[in-house]
Amino acid sequence: MADLPDAAACYELLARMALIRRFEEEAGRQYQRARAGGFLHLAIGEEATIVGTASVMREEDYLIGTYRTHGHAIARGTDPKRVMAELFGRVDGTSGGRGGSMHIFDRERRFMGGYGIVGGNLPIAAGLALSAEYKGEDAVTVCMFGDGASNAGNFGETMNLAALWALPVLFLVENNLYGMGTSIERHSAQTDLSKKAEGYGIPGQRIDGMDVLAVREAVAEGIRLAREERRPTILEAFTYRYRGHSAADPEVYRERDEVEEWREKDPIETFARRCAEEGVLGEREVNEVREKAEQQVLAAVEFAEASPEPPLDSLYENLYVLGGDAGWYAVDERSPEPHRGEREDRAMPDAARELAEAGAAYAGQPSNSPRPNPAEEGDAQLGTEPEVAGEAEDREVSEEPEDQEVER
Ligand SMILES: Cc1ncc(C[n+]2csc(CCOP(=O)(O)OP(=O)(O)O)c2C)c(N)n1
Ligand SMILES: [Mg+2]
């Protein structure tokens, strides 16, 4: 077990984790109140992986993540007020209110997003690392993504180029055991994700993502390898999200007991307890950390509420369209039947099966006539969002796809 750093460093680690936890709880509440719009993916439970990583990065280093990255931006130093304003769709948000929860971005702090496309951030990370190499900079890129993303085609393409071109990049898999409602045993042929490094001749290591110090130590070494030896690494951090995949997740794929077991390893509680036991932080400091987090988050909500919505005449700013045939198309193809080797006939809970059947029935509707385009129907003015890949999938998890309002 890694030794505790000095009191100031322990205080900072605890404060960041507590702030992110409180921020995300509040984001969930504001989503229920329909103040935060779009989709919302919370990383409650994953704070040690996020904070441990960011804590050993230099200012010049790049961090890039997925759609579950409110905490990543805050860990990088982005003001929680601007993150909350982004969730509220307001002009003072990190993306001017245009991106929402999945697209937090802060170029100044070199937090490069925020991507709704699973695995979409991987090649971009290689590009960031290549640009640093090209410009002769010392910056290292840290790329964080989910266990599910490690199956994407561009995972292999990115790893190959990163290894081949000796790019200064560290890949960190946030293995929370699920890709949406699909457990790792059902989505990855190789469940030891650190072994995926072997095929590219780069180091791979598994770490305890619930232990902020273990994450710090391994990430610091991975960053050193990238910076000094131009060697990419894959780290697989075991972590867990206590909440559903997104706010619209009935969670039929896991048992309550499993969530409770992980809560007992809570990264914030265990770290606070250890700091107290070893006499590095007193009860006063631990309470102070919580109170400060509370105040910062309430101030963030107040700020977001007071920030105006983008003016209507700015609707077409920052947009580009290729060609004239813009439109949205969805492809729904799924079967409720078990796939060979999955043994779902035995292991699949009834509720999960009913859900799959409902999905298949939904997809089986006649699709030879084009799906309505919300822009053409005029719904766009009413605030209906166009569907992008991530959102379409999210909605399938909900038993009643149209009822997103009810889920909030
Ligand atoms: C290319 C692509 N395919 C499918 C989706 C739908 N989708 C959104 S999140 C997700 C699961 C990803 O799981 P994982 O990589 O483990 O990340 P986690 O959500 O657990 O953090 C899927 C399949 C998407 N957004 N993009
Ligand atoms: Mg996952």
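In each ligand, atom 1 is the first atom listed, and ligand 1 is the first ligand listed.
- At least one heavy atom of Arg68 sits closer than 4.0 Å to an atom of ligand 1.
- Of the heavy atoms in His245, only side-chain atoms (C-beta onward) come closer than 4.0 Å to ligand 1.
- Of the listed options Phe145, Tyr67, Tyr115, Tyr67 places a heavy atom closest to atom 12 (C) of ligand 1.
- Both the backbone and the side chain of Met180 come within 4.0 Å of ligand 1, counting heavy atoms alone.
- The aromatic rings of Phe39 and His41 sit parallel to each other, their planes meeting at less than 30°, with 60° as the upper class boundary.
- Arg254 and Glu251 are joined by a salt bridge, as a carboxylate oxygen and a charged side-chain nitrogen come within less than 4.0 angstrom of each other.
- Side chain of Lys196 to backbone of Ser150: a donor-acceptor contact under 3.5 angstrom is found.
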For this session: Show your reasoning for whether ring pair (Phe, Tyr, Trp, His ring centres under 6.0 Å) applies to Tyr253 and Tyr178.
Result: CA-CA 9 Å; Tyr253 51 84; Tyr178 294 94; 5.1 Å; yes
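- Closest heavy-atom approach to atom 1 (C) of ligand 1 within the set Ile117, Asn175, Asn176: this belongs to Ile117.
- The Mg ion (ligand 2) has no N, O or S atom of Met180 inside 2.8 Å of it.
- Listed by number with element, the atoms of ligand 1 under 4.0 angstrom from any heavy atom of Ala149 are 15 (O).
- Put simply, the angle at the Mg ion (ligand 2) from OD1 in Asp147 to OD1 in Asn176 is close to 90°, to the nearest 10°.
- Each of Met144, Met210, His72 was scored for a side-chain contact (heavy atoms from CB on, under 4.5 Å) with Thr49, with one residue passing: Met144.
- Those atoms of ligand 1 with a heavy atom of Gly148 less than 4.0 angstrom away are 14 (P), 15 (O), 16 (O).
- A salt bridge is defined here as a Lys NZ or Arg NE, NH1 or NH2 lying under 4.0 Å from an Asp or Glu carboxylate O, and Glu26 with Arg29 meets this definition.
- Ionic pairing of Glu269 and Arg290 is present here: one or more N-O contacts between side-chain nitrogen and carboxylate oxygen are shorter than 4.0 angstrom.
- Ligand-side atoms of ligand 1 in range of Tyr178: 16 (O), 20 (O), range being under 4.0 angstrom from any heavy atom.
- Between Glu46 and Arg241 there is no salt bridge, since none of the side-chain N atoms of the basic residue sits less than 4.0 Å from a carboxylate O of the acidic one.
- Heavy atoms of Asp147 found under 4.0 angstrom from ligand 1 belong to the backbone as well as the side chain.
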